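This one's a predicted model, so the numbers in the text were calculated from it and none came from an experiment.
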Amino acid sequence: MDTQEVRGGLLFDKDGTIFDFAATWAGVIDRVLDEVTPDRALQLRIAREGGYDPETGHFAPGSLTVAAPLDEVAALWAGFLPDRSAAEIEDIANRIVERAAADGALVPAVPDLPGLLDGLRRDGFILGIATHDSEAAAIQHLSVAGVIDRFDFIAGYDSGHGLKPGPGMLLAFCAATGLAADRVVMVGDSIHDLGVAPAAGAAMAVGVLTGPATRADLAPLADHVLDSIGGLPDLLRGRL
C-alpha cells in the first residue's frame, strides 16, 4: 500500500472476529474430544472445565477454551487424561483443525470476507492479525479463506510478542508497519482482545458479537460494539 494513502491500521483477533466462533469451533472441538477419549462423561467433564458445553454448543465468554492459547487448553485436558500428554493432545488438535480448515469448516464472520477486507484496504487501512492460535495455523486458516494476502502482519501466541491483553502484539504490528499505536484500532470479540488497546495506547477498541461474549461483556472495555466486522466501514468513516 502506498504510504501516502495510509489512514491507520486495523489489528484483528482471528477466531470470533474474522471467523464466527461457535459456527467454526464447536464441531472441531467435538472431533478432538472424540479422538482423545471415547468416554462421553469424561468428554463432558473436560470440555465444561474449559468453558465449553458440547451438549448445548455454548462457550463461556472469557473461558480458557475461548481465550487461552492451544497449549494451555491441551495442558488442562491432559490433567484429566493420564494416558495423553499435553503435547500429544496439542498435536491431535492441530491435525484436526488443519483437516477441518481444508474441508471448509471455517465460517467467516461476514458473507463476503474478501470484499470487506479489500474495501478497508482501499479506505487506507493496513490490516493485521493478533491471535492466540499459533502463527502457522493462522496463516493456514487465512489462506484457506482466500484472504491471506490482505494482511501485512500475523502474530500468534508463539510469535514471541506475548499474549493478549498485553500490548506486545499491537506494538509489534506498529513496528512492522511503521504505524504509531494511536493510529491503530484493535478489533476483537473478547475482553482480552479489547484490553490490548489501552495497554498499547491504541486509538480505539472495537468489540464484535461474532464470538461468545455479549454486548454487556464487551461494552465496559470497548469504544464501540458492532454485530460483526461488517460494520467497520461505516464506523470508521471520518475517523482516523
Visitor: Side chains of Q43 and D30: do they bring a donor and an acceptor to under 3.5 Å?
Guide: no

Visitor: With side chain to side chain donor-acceptor pair (under 3.5 Å) as the rule and sequence neighbours excluded, what pairs involving residues 167-191 come up?
Guide: T17-D189, S190-D193

Visitor: Quick check for you: to the nearest 0.5 Å, what is the distance between D133 atom CG and Q140 atom CD?
Guide: 9.5 Å

Visitor: Could you tell me whether R45 atom CZ has more than 12 heavy atoms of other residues or ligands within 6.0 Å of it?
Guide: no

Visitor: Once you measure the plane-to-plane angle for F59 and Y52, does it fall in the parallel (<30°), tilted (30-60°) or perpendicular (>60°) bin?
Guide: parallel

Visitor: If the condition is side chain to side chain contact (heavy atoms under 4.5 Å, CB included), which residues does P69 pass it with, not counting sequence neighbours?
Guide: D71, E72, H132, Y157, L163

Visitor: How about V184 and L10: do any of their side-chain heavy atoms sit closer than 4.5 Å?
Guide: no

Visitor: Between the side chain of T210 and the main-chain N/O of G16, is any donor-acceptor distance below 3.5 Å?
Guide: yes

Visitor: On a heavy-atom basis, which atom in P233 and which in L120 lie closest, and how many Å separate them?
Guide: CG-CD2, 4.1 Å

Visitor: Work out which heavy atom in G62 is nearest to a heavy atom in H192; give both atom names and the distance.
Guide: O-CE1, 4.1 Å

Visitor: Find out whether L70 and S134 are in side-chain contact, i.e. whether some heavy atom of one side chain is under 4.5 Å from a heavy atom of the other.
Guide: no

Visitor: Between R122 and E5 (salt bridge meaning N to carboxylate O under 4.0 Å), is one present in this structure?
Guide: no

Visitor: Do the side chain of K164 and the main chain of A130 share a donor and acceptor less than 3.5 angstrom apart?
Guide: yes

Visitor: So, are D123 and R237 salt-bridged, with charged N and O less than 4.0 Å apart?
Guide: no

Visitor: Same cluster or not: are I29 and L64 linked, directly or through other Ile, Leu, Val, Met, Phe, Trp or Tyr residues, by side-chain heavy atoms under 4.5 angstrom apart?
Guide: yes

Visitor: Determine the minimum heavy-atom distance between A138 and I154, stating which atoms define it.
Guide: CB-CG2, 3.9 Å

Visitor: Per the side chain to side chain contact (heavy atoms under 4.5 Å, CB included) rule, which among I18, L106, V97 passes with T24?
Guide: L106

Visitor: Can you tell me if D39 uses its side chain to pair, donor with acceptor, with the backbone of A41 under 3.5 Å?
Guide: yes

Visitor: How many angstroms lie between CG in D234 and CZ in R239, if you round to the nearest 0.5 Å?
Guide: 10.5 Å

Visitor: In terms of hydrophobic clusters joined by side-chain contacts under 4.5 Å, are F125 and L171 together?
Guide: no

Visitor: Could you give the distance from CG (L44) to CZ (R40), rounded to the nearest 0.5 Å?
Guide: 4.5 Å

Visitor: Decide yes or no for T65 and W25: does some side-chain heavy atom of the first lie under 4.5 Å from some side-chain heavy atom of the second?
Guide: no

Visitor: Just how far is it from atom CE of M169 to atom OG1 of T131, taken to the nearest 0.5 Å?
Guide: 7.0 Å

Visitor: Ignoring hydrogens, what is the shortest heavy-atom contact between A200 and A181? Give both atom names and the distance.
Guide: O-CB, 3.3 Å

Visitor: Report whether I148 and V187 are members of the same hydrophobic cluster (ILVMFWY, side-chain heavy atoms less than 4.5 Å apart, transitive linking).
Guide: yes

Visitor: Ignoring hydrogens and angles, tell me if any N or O in the side chain of N94 forms a donor-acceptor pair with the backbone of D91 under 3.5 Å.
Guide: no

Visitor: Is the side chain of D158 donor-acceptor paired with the backbone N or O of E135 at a distance under 3.5 Å, no angle test?
Guide: yes

Visitor: Before accepting this row, confirm whether a basic side-chain N of the pair D152/R121 lies closer than 4.0 Å to the acidic partner's carboxylate O.
Guide: yes

Visitor: If we check side chain to side chain contact (heavy atoms under 4.5 Å, CB included) with V185, which of these qualifies: L240, L235, L11, L170?
Guide: L240

Visitor: Who pairs with P114 by side chain to side chain contact (heavy atoms under 4.5 Å, CB included), at least two apart in sequence or on another chain?
Guide: D112, V147, R150

Visitor: Check whether any side-chain heavy atom of M204 lies under 4.5 Å from a side-chain heavy atom of M186, and answer yes or no.
Guide: no

Visitor: With the side chain counted from C-beta on, respond yes when F151 and L117 share a heavy-atom pair under 4.5 Å apart, and no when they do not.
Guide: yes

Visitor: Could you tell me whether the side chain of D13 reaches within less than 4.5 Å of the side chain of V208, counting heavy atoms only?
Guide: no

Visitor: Give the cluster check for V66 versus F19: same hydrophobic cluster or not, with ILVMFWY residues linked at side-chain heavy-atom distances below 4.5 Å.
Guide: yes

Visitor: If you group Ile, Leu, Val, Met, Phe, Trp and Tyr by side-chain heavy-atom gaps below 4.5 Å, do L127 and I139 land in one group?
Guide: yes

Visitor: Find out whether I92 and R95 are in side-chain contact, i.e. whether some heavy atom of one side chain is under 4.5 Å from a heavy atom of the other.
Guide: yes

Visitor: Please work out whether the ring planes of H161 and F153 are parallel, tilted or perpendicular, with thresholds of 30° and 60°.
Guide: tilted

Visitor: Could you give me the CA-CA distance, side-chain angles and deciding distance for R48 and E55, then say whether salt bridge (charged side-chain N to carboxylate O under 4.0 Å, His left out) is met?
Guide: CA-CA 10 Å; R48 288 168 177 163; E55 294 192 323; 2.8 Å; yes

